[in-house]
Amino acid sequence: MPELPEVELARAVLEGALDRTIAAIDDTDHWVCRPHAPGEIAAALVGGRLTAARRRGKAMWCETRVGGGPGPDLGVHLGMGGQIVVDGRVGPTGPEHRDPGPRKPEWDRFTVTFADGGSLRLFDKRRLGRVRLDPDVDALGPDAETITREEFRTRVGRGRSAVKARLLDQSVLAGVGNLLADETLWQARVSPSAPADELGAARLDALHDALEAALEAAIAHGGVHTGEVIRHRRPEGHCPRCGAPMVHGTVGGRSTWWCSAEQA
DNA sequence: AACAATGTTCAGTC
DNA sequence: GGACTGAACATTGT
C-alpha cells in the first residue's frame with residue numbers, strides 16, 4: 001500500500017497521537033529500529049510528546065518536545081506494507097482496510113504507549129518498515145505533490161535511463177512508487193521504457209499533470225490501488241480506455257504493466 | 001515449493 | 001566520481 005497517498009493518509013492518522021505524554025516505548029525490534037540499540041529510542045523520548053506530523057515523499061516523521069526543549073525527530077517509514085495505528089484506528093490504506101484479516105500481535109513492530117492509555121503502533125507484516133531517530137530526509141528530491149512543472153521537467157527529463165526508473169528514483173522526486181508510476185505513465189500515454197532525456201517538454205508536462213491528477217484521486221479515494229488502470233494490471237488485462245491488451249515486463253527493476261497500443 | 005510483492009539500500013559495473 | 005543495474009533485505013501470500 002504505501003506510496004505517497006497512503007503515507008499522507010497515515011500522516012493524518014498520526015496527528016491523533018500529538019500532544020500526549022509518552023509513557024513507554026517498545027523499540028525492541030532491532031531490524032525495524034536499526035541502527036538503534038533496543039531501548040535507545042525509548043530513552044530519548046519517554047516523558048516527552050510528539051508535537052507535529054510531517055511528510056516528504058514516503059518518509060514521515062514527528063517533531064518532539066522532551067524535558068521542556070526540542071527533542072529528536074521520530075522518523076517512520078512504512079516500507080512495503082506498513083500501517084500506522086493510533087488508538088486501534090488505521091487510515092484508509094488500501095484493500096486491507098476493507099478486509100483487515102488477521103492482525104497478529106507480533107506484527108506490531110514498534111509501539112508508543114501514552115500516559116492516557118492510548119497507543120501509536122507501526123503494524124507491518126513484512127517487517128520492511130523502519131523507525132529511527134532524526135532520519136535524514138535531505139537526500140530526497142522535492143515532494144511529488146508540490147513539485148512545479150519546471151522542476152519536474154528538468155529533474156525527470158534527465159539521463160538516458162527509462163522514464164519509469166526516473167519516476168521511481170526518490171532523489172529525483174519523492175513519493176512515487178511502482179503502482180503510481182504505472183498509473184501516471186498510462187494516464188499520460190507514455191511508454192515506461194522511453195529514455196527520460198528523449199521525452200521532450202510536452203510529454204514531460206503531460207506526465208506532470210497526470211501525476212498531480214493521480215495523486216489527488218488516490219488521496220481522495222483512499223490509496224493508489226484505486227487508480228483507473230491498476231485493476232487491469234494483471235494477466236489477460238485490457239486497457240480501460242482503448243481495449244488493447246495490457247502487457248507486462250520489467251522496467252527499472254520493477255514489475256511493470258502498460259497498454260500495448262497507447263504506450264508503445 | 002518456487003516465485004512475486006505497493007520499498008530501500010548496497011555492491012558492483014560502466 | 002557520477003550514472004545506472006541487479007541482488008539482497010524479512011516476511012507473507014499465492
Side-chain angles (χ1 to χ4, degrees), chain A residues 1-10 29-35 55-60 75-84 90-110 122-132 135-141 144 155-186 192-193 195-197 211 214-215 217-219 221-227 229-235 248-257:
Chain A
M1 314 92 55
E3 301 188 32
L4 189 154
E6 287 79 3
V7 178
E8 174 55 27
L9 294 164
D29 189 313
H30 64 88
W31 178 255
V32 167
C33 297
R34 73 191 185 286
R55 180 190 64 74
R56 178 161 169 183
K58 304 172 201 170
M60 238 179 332
V76 181
H77 199 294
L78 299 178
M80 197 89 101
Q83 295 180 334
I84 292 294
V90 297
T93 55
E96 291 195 6
H97 180 63
R98 290 176 314 194
D99 180 19
R103 287 188 167 268
K104 300 183 185 172
E106 59 265 35
W107 289 338
D108 284 331
R109 309 296 184 177
F110 176 82
L122 172 63
F123 174 86
D124 181 17
K125 290 184 190 184
R126 305 244 327 249
R127 215 184 174 199
L128 284 172
R130 193 157 177 185
V131 177
R132 64 167 308 172
D136 177 21
V137 295
D138 293 336
L140 295 172
R155 297 182 76 95
V156 176
R158 178 163 48 198
R160 38 182 217 288
S161 59
V163 60
K164 180 170 178 182
R166 295 295 288 173
L167 289 173
L168 290 174
D169 186 335
Q170 303 299 298
S171 68
V172 171
L173 82 168
V176 178
N178 198 33
L179 296 183
L180 193 54
D182 276 8
E183 175 75 12
T184 299
L185 289 159
W186 176 80
S193 53
D197 59 4
L211 175 57
L215 281 172
I219 292 172
H221 299 149
V224 290
H225 67 287
T226 61
V229 83
I230 301 305
R231 65 198 173 95
H232 305 280
R233 212 175 160 279
R234 53 175 173 74
H248 179 256
T250 298
V251 181
R254 310 296 296 189
S255 177
T256 302
W257 294 83

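Chain naming here is simple, since letters A, B, ... match the order of the sequence lines and numbering starts at 1 in each.
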Task: Watson-Crick or G-U pairs under 3.5 Å in DNA chain B, rendered as dot-bracket with [ ] for crossing pairs and | for another strand - done: .||||.||||||||

Tell me the interatomic distance from [X], atom [atom1], to [N], atom [atom2], rounded to whole angstroms.
X: Arg231(A); N: dT6(B); atom1: CZ; atom2: P; result: 19 Å
X: Gln83(A); N: dG7(B); atom1: CD; atom2: P; result: 15 Å
X: Leu167(A); N: dT8(B); atom1: CG; atom2: P; result: 14 Å
X: Leu128(A); N: dA4(B); atom1: CG; atom2: P; result: 17 Å
X: Arg109(A); N: dG7(B); atom1: CZ; atom2: P; result: 18 Å
X: Leu215(A); N: dT6(B); atom1: CG; atom2: C1'; result: 14 Å
X: Trp31(A); N: dG7(B); atom1: CH2; atom2: P; result: 17 Å
X: Leu122(A); N: dG7(B); atom1: CG; atom2: P; result: 16 Å

Spell out, as yes or no, whether a donor-acceptor pair under 3.5 Å connects the side chain of [X] to the backbone of [Y].
X: Glu3(A); Y: Lys58(A); value: no
X: Thr256(A); Y: Arg254(A); value: yes
X: Arg166(A); Y: Ala196(A); value: no
X: Gln170(A); Y: Val176(A); value: yes
X: Arg55(A); Y: Gly57(A); value: yes
X: Arg127(A); Y: Asp124(A); value: no
X: Arg132(A); Y: Val32(A); value: no
X: Gln83(A); Y: Gly81(A); value: no
X: Asp29(A); Y: Arg109(A); value: no

Open item on the list: Any side-chain N or O of His225(A) below 4.0 angstrom from OP1/OP2 of dT6(B)?
Closed with: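 For dT6(B), neither OP1 nor OP2 has a side-chain N or O of His225(A) closer than 4.0 Å.
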
Open item on the list: Among residues 175-183 of chain A, which ones have heavy-atom contacts with DNA chain C below 4.0 Å?
Closed with: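 Contacts with DNA chain C under 4.0 Å: none.
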
Open item on the list: Pair Arg103(A), Asp108(A) - check salt bridge (charged side-chain N to carboxylate O under 4.0 Å, His left out), show working.
Closed with: CA-CA 9 Å; Arg103(A) 287 188 167 268; Asp108(A) 284 331; 6.0 Å; no

Open item on the list: Categorize Arg158(A) for me: base, sugar-phosphate, or nothing, with a 4.0 angstrom heavy-atom threshold over every strand shown.
Closed with: nothing

- [ ] Give Arg254(A) one of three labels, base, sugar-phosphate or nothing, depending on what nucleic acid heavy atoms sit under 4.0 Å from its own.
- [x] base

- [ ] Report, as yes or no, whether the 6.0 Å neighbourhood of atom CZ on Arg234(A) holds more than 12 heavy atoms from other residues, nucleotides or ligands.
- [x]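 More than 12 heavy atoms, drawn from other residues, nucleotides or ligands, come within 6.0 Å of this atom.
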
[atom1]-based separation of [M] from [N] [nearest Å]:
N: dC3(B); M: dA7(C); atom1: C1'; answer: 15 Å
N: dT9(B); M: dT12(C); atom1: P; answer: 22 Å
N: dA4(B); M: dG6(C); atom1: P; answer: 15 Å
N: dA8(C); M: dA2(B); atom1: P; answer: 16 Å

TODO: With rounding to the nearest 0.5 Å, note down the distance linking CG in Leu180(A) to CD1 in Ile230(A).
DONE: 8.0 Å

Task: Quiz item: Arg126(A) side-chain donor-acceptor pair to dG7(B) base, under 3.5 Å - done: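 In this structure, the two groups form no donor-acceptor pair.
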
- [ ] Under 4.0 Å from any heavy atom of chain A: name the first and the last nucleotide of DNA chain C that qualifies, 5' to 3'.
- [x]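 First-to-last contact on DNA chain C, by the 4.0 Å heavy-atom rule, is dC4(C) to dG13(C).
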
Open item on the list: On DNA chain C, does the nearest nucleotide to Arg127(A) precede the nearest nucleotide to Ser161(A) from the 5' side, or the other way round? Give the residue.
Closed with: Ser161(A)

